[in-house]
Amino acid sequence: MCGIVGYVGKRDCSKVLIESLSKLEYRGYDSAGIAVFEDGEIKTCKARGELANLVSKLNNEGGIKGNCGIGHTRWATHGEPSDINSHPHGNANVTIVHNGIIENYKSIKTRLEGKGYVFQSQTDTETVAKLLDYYYKGDPVEAIRKTESKIEGSYALGIIFRDFPDTVFALRKDSPLIVAVGEDEAFIASDVPAILRYTKDYYLLEVGELATLKDGKVSFTNLDGEPIEKTMLTANWDEEAAEKGGYEHYMLKEIHEQPTAIRTTITPRITDGMPNLEECGITEDMLRNYKNIFVVACGTAMHAGLVGKYVIEKIGRIPVTVDVASEFRYRHPIITKEDLVVLVSQSGETADTKEALRLAKKKGAATLAIVNVKGSSIAREADHVIYTHAGPEIAVASTKAYMVQLAVMYLFAFELAHAKGTLSEEECKRLTAELCEIPKAIESVLSQKDNCQYVASQLVNSENLLYIGRGLDYALSMEGSLKLKEISYIHSESYAAGELKHGTISLVTELMPVIAVATQRELFDKTVSNVKEVKARGAKTYLVTHSYIRVDDDVADYTIGVPTVDDLLMPMLAVVPLQLIAYYTSVLRGNNVDKPRNLAKSVTVE
Ligand code: AGP
């Protein structure tokens, strides 16, 4: 999704904007641009494609020299990726960058065209720039206030006016924006990594607040110009944590960070060997009383919910429904005040998940967010939040965020089951102790990267692939399959192994490799039968199972073994080879692993 930056200070503004935008590349984009004051005039440069294109265009045009400006990486929603559709948008008087979607842009555009305005781009954003110009009569705050009252949808906006050549204005609704302060300098950005090189101190801009960055300082008012006092936050990530740290790709780095991420996430939530979510406002009394649980999320986060469903239902004996957020919103779900709706999201800004949260609140259900980004919209709007402490996840393909979402799901399930009396204290302690051992076990799986590289080398020329498993292994295969397709661009599907015979097995030939996950021992023989069925039809088969298990050649062409823990916890180990297989396949195919085509890290539009 789009990234916004802005700078006011003494440094070379173009350089700061480009550097900051480079830290937002992970969000996904297809063009970039900056607008900087040079000798009192707004100078704009924009280019389709990678930031490098913008940099060379800037260099060819002699650069823009100034100390105040705004920048943007665009992920196209209205109009194709092109120089003209890239941000910033505006004219010599007022220029803006925008993240989000203006829902009523067509009616505003028609109105402004009637007043003589001519539009150059196909974007919704240009209507906001022109509307600001229309309302501007010398008072920028008044123009912003009037514009804000007319636009509908989601937005984070960075705005500059020619008459105020040392000032950046910013406001937001439903799209994230932070305002950071350094020594005699101030910044706006869509996310914290953009400013870490310069400062760690920042504010979260709230809806209805206007930030004014001037003379290296920042002030906050409401849209009537009345001052607002805000609390400053300090990022606990350093720049290095947001860099690759010697790994070839962020994704590989993040896969290797999983043991640490789990430890950081679970350790503060365990007291005397028992899960304890009190710091997140969750008590056993509350957990005892829910009638139904809904887990609502998108993509990988939804897959973490599928594992959660198995675990919660098995040990907590309470019905759990897992929904894709974009479906949940519109399917008129039957939820009541006695239910709990759990929203899972790495970014905490996913538009569909956020709207699902709002719907659940409207229906009176209790809401719990499992979120990685501190202070994000979903975290702030939910009744309770359990932060996952994965640190910044930069690769578009989510790995460590999924892992800590699982870790939280387990802690939650253990505490809930104990509260409901379906899990004894002794069992709860045993499972919690096993959870604490998972990081070490993952380290040993990570040391087997050669096996995963070998499997990747066998898959690299495939066009289609199947993942199969039963129970928790099926839930987990869904994530393995998504990981492979999003970064290798190989078509893959995940199937419940027992369901193959009901149609899909007709696709199986020697051209359809099958990755089977069989870690659930009570289902092992049944999964193995299904693997034999596909092997008998010519498929090459790759099996992920416990390392102590040996299978015959008529089952698997290649086996990857993972250490044994309680079967309930096996997904946390079995997912690692699937992540590595996806990673190495993508590398072998020469793809852009961290920024796969057409994808954005944070999907802040519907
Ligand atoms: C994961 O690899 C994907 N890039 C994607 O499915 C992601 O998990 C989904 O968009 C949800 O994002 P969120 O966790 O930030 O809400």
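Residues: numbered from 1 along the sequence shown. Read the numbers this way: they start at 1 and go in the same order the structure lists the ligands and their atoms.
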Original post:
Quick one: do Glu257 and Lys400 make a salt bridge, cutoff under 4.0 Å?
Top reply: yes
Subject >> Ligand-side contact atoms (ligand 1) for residue partner Thr300, heavy atom cut-off under 4.0 Å >> reply: 1 (C), 2 (O), 6 (O), 8 (O)
Original post:
Which is closest to atom 15 (O) of ligand 1 by heavy-atom distance: Ala395, Gly348, Ser347?
Top reply: Ser347
Original post:
Which of the numbered atoms in ligand 1 are below 4.0 angstrom from a heavy atom of Gly299?
Top reply: 6 (O)
**OP:** Using side-chain contact (heavy atoms from CB on, under 4.5 Å) as the criterion, point out the one residue from Leu476, Val565, Val307, Leu435 that pairs with Met572.
**Re:** Leu435
Original post:
Closest non-hydrogen protein atom to atom 10 (O) of ligand 1, residue and atom name please, with distance?
Top reply: Val603 CG2, 4.2 Å
Subject >> ligand 1 to Val396 polar contact by distance, N or O atoms, under 3.5 Å >> reply: yes
Subject >> Pro513: which of Leu466, Asn464, Thr541, Leu465 passes side-chain contact (heavy atoms from CB on, under 4.5 Å) >> reply: Leu465
**OP:** With sequence neighbours excluded, tell me which residues meet salt bridge (charged side-chain N to carboxylate O under 4.0 Å, His left out) with Lys483.
**Re:** Glu479, Glu486
Original post:
What is the ring orientation for His72 with His87, classed by angle as parallel under 30°, tilted 30 to 60°, or perpendicular over 60°?
Top reply: parallel
**OP:** Check each atom of ligand 1 against the heavy atoms of Ala301 and keep those under 4.0 Å away; list them by number with element.
**Re:** 8 (O), 14 (O)
Subject >> Element-labelled atoms of ligand 1 that are located less than 4.0 Å from some non-hydrogen atom of Ser398 >> reply: 1 (C), 2 (O)
**OP:** Step through it carefully: locate the ring centre of Tyr467, locate the ring centre of Tyr495, and say whether they are under 6.0 Å apart.
**Re:** no
Original post:
Does Lys483 have a heavy atom less than 4.0 Å from any atom of ligand 1?
Top reply: yes
Original post:
Among protein heavy atoms, which lies nearest atom 11 (C) of ligand 1, and at what distance?
Top reply: Cys298 O, 3.4 Å
Subject >> Met302, Gln346, His303: member with heavy atom nearest to atom 14 (O) of ligand 1 >> reply: Gln346
Original post:
Between Thr350 and ligand 1, is there a nitrogen or oxygen pair with a distance under 3.5 Å?
Top reply: yes
Original post:
Judged by non-hydrogen atoms, does Thr353 sit under 4.0 Å from ligand 1?
Top reply: no
Original post:
Considering residues at least two apart in sequence or located in another chain, which fulfil the ring-ring contact (aromatic ring centres under 6.0 Å, His included) criterion with Tyr583?
Top reply: His249
**OP:** Check Glu486 against ligand 1 and report side chain, backbone, both or neither, counting heavy atoms closer than 4.0 Å.
**Re:** side chain
Original post:
Hey, does the Lys NZ or Arg CZ of Arg597 hover above the aromatic six-ring of Tyr489, less than 6.0 Å from the centre and inside 45° of the axis?
Top reply: yes
Subject >> Other residues, nucleotides, ligands: >12 heavy atoms within 6.0 Å of Lys314 NZ >> reply: no
Original post:
Short list, please: which atoms of ligand 1 are under 4.0 Å from a heavy atom of Ala397?
Top reply: 2 (O)
